[in-house]
There are 2 protein chains.
Amino acid sequence: MLRYICTMGIVRRTKSVDAILEEFKINSGAISVVSLVDQLSSRFNKTTVYRVLDRLEEDGILHSFLGKTGIKWYAKCSGCSASEHHDVHPHFQCLSCGKVDCLTVNVRIPSIPNRKVEASQILLQGQCEACLV
Amino acid sequence: MLRYICTMGIVRRTKSVDAILEEFKINSGAISVVSLVDQLSSRFNKTTVYRVLDRLEEDGILHSFLGKTGIKWYAKCSGCSASEHHDVHPHFQCLSCGKVDCLTVNVRIPSIPNRKVEASQILLQGQCEACLV
DNA sequence: TTATTAATGCAACTGTGTTGCAAATGTAAA
DNA sequence: TTTACATTTGCAACACAGTTGCATTAATAA
Ligand SMILES: [Mn+2]
Ligand SMILES: [Mn+2]
Ligand SMILES: [Zn+2]
Ligand SMILES: [Zn+2]
């Protein structure tokens, strides 16, 4: 008997999956993988953290992007699924407190002569609400 | 006798400086550090390449940014100096041929409630003029 | 030509992320 | 409950981009 198994995303509810989802419940913004690995280092191996994040992204539960210095950040998706990630938006990093989060604003990319824009990564930096005195 | 020396940027015209500037004369777009190190590996050490690029950026001759995968790219500045880098613009990476270059378009960042935007990194991806059939 | 010090090469290192594989664990079926 | 087995994990080793310290070389001003 032949079975077609599509292995991707989260299949089993493990302790590491719960722990990582819990972090995103506590923290409403984006979380860097570096800090997540550090935070969970006593309970899970860094490889596990990287792999669980991968799977959560495949499932459309989290999405990722690179911060200013090239390290990876994850944030919760809203309204994405394993089949479609339509969660494209700018991210904002506070230069004072370092907090990073998703923006709901829509940045209009002007059409560029002789080029077809298919994707965009926008990272804004400045002062967040808490740090604006 | 005391002398105040401000060591930054290019002070001496060396072979590596000339070789790297030559690469940017040949190639009008952006060049990744990885490919530059590779290209020049028979003549210069990678550390030298990194350091010369640093200095050229300090001088306002080149500017740098990160590509989609987090590796560093450099491109020529136009109208910058050691004192002011006012060369902020989006960059475009072709998904077909991999070519990366600077865009002259002005992307308007909408004002964001309760936040002060002080900097922006915008990377667009799609098809370049050559790859648009 | 000489003295000075910027620039270079090299080797070793750092930080982020990945891979292969054996062992452990979650889950569905018996 | 027990069993069977694919998924998930931990570990160690690795890959890769970029950095650092230091002795040596070379550009330049005197
Ligand atoms: Mn986001
Ligand atoms: Mn540019
Ligand atoms: Zn802040
Ligand atoms: Zn192209």
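Every chain is numbered from 1, with letters handed out A, B, ... down the list of sequences.
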Distance test, side-chain N/O of A:Lys15 to OP1/OP2 of D:dT8, below 4.0 Å: no
Pairing of A:Glu118 and A:Lys116 as salt bridge, 4.0 angstrom limit: yes
Nearest-Å distance for atom pair NZ/C1', residues B:Lys72 and D:dC16: 16 Å
N or O in side chain of A:Thr14 less than 4.0 angstrom from D:dT8 OP1/OP2: no
Ring geometry between B:His91 and B:Phe65 (parallel below 30°, tilted from 30 to 60°, perpendicular above 60°): parallel
Residues B:Lys76 and B:Asp101 bridged, charged N to O under 4.0 Å: no
Earlier contact from the 5' end, DNA chain D, for A:Lys46 and B:Leu66: A:Lys46
Value in whole Å for how far the C1' atom of C:dT18 lies from CG of A:Asp54: 10 Å
From C:dC10, D:dA12, C:dT16, nucleotide with atom closest to A:Thr47 side chain: D:dA12
DNA chain D: 5'-proximal contact among B:Arg13 and B:Val34 (nearest heavy atom): B:Val34
Worked verdict on A:Leu66 versus B:Leu66 for side-chain contact (heavy atoms from CB on, under 4.5 Å): CA-CA 9 Å; A:Leu66 300 185; B:Leu66 302 185; over 6 Å; no
Euclidean distance, atom CD1 of residue A:Ile71 to atom P of C:dT18 [Å, nearest integer]: 13 Å
Rounded distance in Å - CZ (B:Arg43) to C1' (C:dG9): 16 Å
Interatomic distance where CG belongs to B:Leu53 and P belongs to D:dG18 [whole Å]: 10 Å
Touch class at under 4.0 angstrom, heavy-atom based, for A:Arg51 against every strand present: base
Nucleotide C:dG17, atom P - distance to CG of A:Asn45 in whole Å: 15 Å
A:Trp73 CH2 - C:dT16 C1' separation (whole Å): 14 Å
Phosphate OP1/OP2 of C:dA28: any A:Arg12 side-chain N/O under 4.0 Å: no
From D:dG18, D:dT8, C:dG17, nucleotide with atom closest to A:Tyr50 side chain: C:dG17
Length of the line joining B:Asp18:CG and C:dA7:C1', which is rounded to integer Å: 13 Å
Listed once per pair and sorted, the salt bridge (charged side-chain N to carboxylate O under 4.0 Å, His left out) pairs that draw on residues 19-47 of chain B, sequence neighbours left out: none
Sugar-phosphate only, base, or nothing, as touched by B:Val37 at under 4.0 Å among non-hydrogen atoms: nothing
